[in-house]
Amino acid sequence: MEKTSIHGMWSSRTAFILAATGSAVGLGNIWRFPYLASDNGGGAFVLVYLMCIAFVGLPILIAEIMIGRHGRRSPITTLVALTRETGAAKGWISIGWIGIVAGILILSFYSVVGGWTLHYSWLYLAQLFGGARITDPGATFDALLANPWELAGWHAVFMGVTVGVVGLGVEKGLERAVRFLMPVLFLTLVALVGYGATTGHLGKAAAFLFQPDFSKINAGVMMAAMGQAFFSLSLGMCTMMTYGAYLPKDISIPKTAGIVAVADTGIALLAGLAIFPIVIGFGINPNGGGPGLIFTSLPLAFDVMSGGVIYGLLFFGLLFVAAWTSSISLLEPATAFLVERVGIARKNGSLLVAGLCWLVGLVTVFSFNIWSHIRLLDRDLMGVIELVANDTMLPLGGLLIALFAGWALKETILREQLAGMPAGLFTAWRWMVRILAPLLVLMVLLNVVL
Ligand code: PHE
């Protein structure tokens with residue numbers, strides 16, 4: 001009989017693809033990708049990013065889902081069982097712990113930015129009913145950041161809706177909502193790219209994104225691109241491993257992983273093509289936009305285009321939904337772990353983890369106002385959390401996952417999980433997780449340290 005997970009199972013291949021794409025597509029694609037491209041030299045960053053997705057991200061995505069499906073439990077318990085089964089060293093279990101700590105750190109700031117999307121949705125909703133226009137987006141954004149209470153409040157609302165879903169277990173309502181809302185988000189982005197084309201700056205935007213200036217590639221750019229590849233594909237912190245644990249046996253892992261990676265990358269590029277024509281069109285310097293980029297540039301366009309208020313509401317409202325389907329996947333591994341290990345009810349477990357993340361998130365909240373003077377490694381405190389969690393812990397977790405799948409797992413397990421994968425692709429994949437991906441991750445991590 002097929003082993004199943006005590007936490008529930010995805011009802012179909014589509015359900016898994018939706019959930020995994022829902023996890024992957026989020027703030028990472030629409031908020032973070034454009035601003036990192038802006039801060040790291042445009043095309044140079046995008047090129048390194050795409051290479052990281054193809055040669056590091058995709059193979060590790062397959063490895064993560066596979067390990068999860070073989071273990072069928074929360075990451076730490078799965079790794080304990082797998083090290084026992086294969087006689088591998090206990091040290092591999094640290095992958096699960098890195099994942100839990102990285103997840104808590106990432107959700108802490110993710111929820112703060114998720115709160116921004118709620119605040120902006122609210123502003124456009126109010127505008128629809130006669131509220132004030134956003135005529136100076138820079139000032140609007142600065143005012144939000146300057147107010148710790150407002151930030152902490154939206155952060156709490158965002159965390160609250162995340163717990164709401166995770167507490168309820170594998171989510172019927174959300175699955176249905178996402179099936180409808182994700183395509184609408186996609187169409188809104190396409191419409192914005194269309195608007196960008198009418199401004200006459202789509203070509204310049206494409207050149208900025210796709211013509212790499214090789215002299216701009218340095219250790220920092222590579223680190224940012226690698227960290228973003230892991231972040232955007234939800235890799236390196238056992239999220240995909242957890243989702244893999246709920247994946248029925250007969251579904252092809254390489255195919256579904258391929259679909260998720262293509263959808264995730266496509267949405268990020270589309271977001272870039274939607275945003276940069278507007279940035280350039282309004283005379284903003286596309287370089288160095290920082291985390292506020294979409295919040296300070298897009299409202300300029302929404303203020304002048306016809307139906308702009310509706311577009312603003314749609315854009316930020318849907319961005320919130322995309323962030324929501326990612327944040328539930330950030331909360332799930334630690335929650336499933338508590339349910340298994342401590343025997344705590346799912347609702348209480350998710351509330352506990354979310355409460356902790358909310359508290360840690362206050363560091364990000366204060367990094368914009370009362371603690372804005374604190375700088376470490378030339379970054380504010382939110383930047384430090386991103387450096388530690390996204391750019392260091394995720395690649396490190398991913399490196400260990402690749403090595404574990406490549407060297408520690410028996411070939412019979414790999415063949416069983418990847419049944420149906422053409423022989424040549426299987427060999428290529430194995431070579432990538434054994435050697436290429438670990439080497440590339442190490443190079444990037446060491447290059448930065450040395
Ligand atoms: N991939 C998500 C995004 O792009 C963020 C995320 C990271 C989710 C890690 C889960 C795990 O927004």
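Just the heavy atoms: all of them, side chains too, but no hydrogens, waters or symmetry mates, feed the values below. Atoms within a ligand are numbered from 1 in the order they appear, just like the ligands themselves.
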Chemist: For the rings on F337 and W97, is their centre-to-centre separation under 6.0 Å?
Modeler: yes
Chemist: Under 3.5 Å between any N/O of G28 and any N/O of ligand 1: does that happen in this structure?
Modeler: yes
Chemist: Aromatic ring centroids of F320 and W324 under 6.0 Å?
Modeler: yes
Chemist: Please tell me whether W116 and F368 form a close aromatic pair, meaning their ring centres lie under 6.0 Å apart.
Modeler: yes
Chemist: For ligand 1, which atoms sit closer than 4.0 Å to a heavy atom of T239?
Modeler: 10 (C), 11 (C)
Chemist: Just jot down the ligand 1 atoms closer than 4.0 angstrom to any heavy atom of S329, in number order.
Modeler: 8 (C), 10 (C)
Chemist: Within the structure, does L330 bring an N/O atom to less than 3.5 angstrom of an N/O atom in ligand 1?
Modeler: no
Chemist: Is a salt bridge present between E386 and R32, judged by a nitrogen-to-oxygen distance below 4.0 Å?
Modeler: yes
Chemist: Report the part of M237 in contact with ligand 1, treating N, CA, C, O as backbone and CB onward as side chain, heavy atoms under 4.0 Å; options are side chain, backbone, both, neither.
Modeler: side chain
Chemist: Counting heavy atoms only, which of S234, A102, S327, A323 comes nearest to atom 8 (C) of ligand 1?
Modeler: S234
Chemist: Check for a donor-acceptor pair, side chain of R346 on one end and backbone N or O of V339 on the other, with a separation under 3.5 Å.
Modeler: no
Chemist: So is S232 polar-close to ligand 1, meaning N/O to N/O under 3.5 Å?
Modeler: yes
Chemist: Looking only at the aromatic ring of each residue, does the gap between the centers of F33 and Y49 stay below 6.0 angstrom?
Modeler: yes
Chemist: Which ligand 1 atoms are under 4.0 Å away from a heavy-atom of L27?
Modeler: 12 (O)
Chemist: Between I106 and ligand 1, is there a nitrogen or oxygen pair with a distance under 3.5 Å?
Modeler: no
Chemist: Which residue and atom name correspond to the protein heavy atom nearest atom 1 (N) of ligand 1, and how close is it?
Modeler: F231 O, 2.8 Å
Chemist: Measuring centre to centre across the rings, with the benzene-like ring taken for any Trp, is F276 within less than 6.0 Å of F208?
Modeler: yes
Chemist: Under 3.5 Å, is there a donor-acceptor pair between the side chain of S326 and the main chain of A322?
Modeler: yes
Chemist: Give the residue, atom name and distance (to 0.1 Å) of the protein heavy atom nearest atom 12 (O) of ligand 1.
Modeler: Y110 OH, 2.5 Å
Chemist: Give a yes or no on whether the backbone of G114 and the side-chain of S111 come within a donor-acceptor separation of less than 3.5 Å.
Modeler: no
Chemist: Starting from atom 4 (O) of ligand 1, find the nearest protein heavy-atom neighbour and note its residue, name and distance.
Modeler: A24 O, 2.8 Å
Chemist: Within less than 4.0 angstrom of ligand 1, does F230 place any heavy atom?
Modeler: no
Chemist: Could you check atom 2 (C) of ligand 1 against the protein and tell me its nearest heavy-atom contact, residue, atom and distance included?
Modeler: S23 O, 3.2 Å
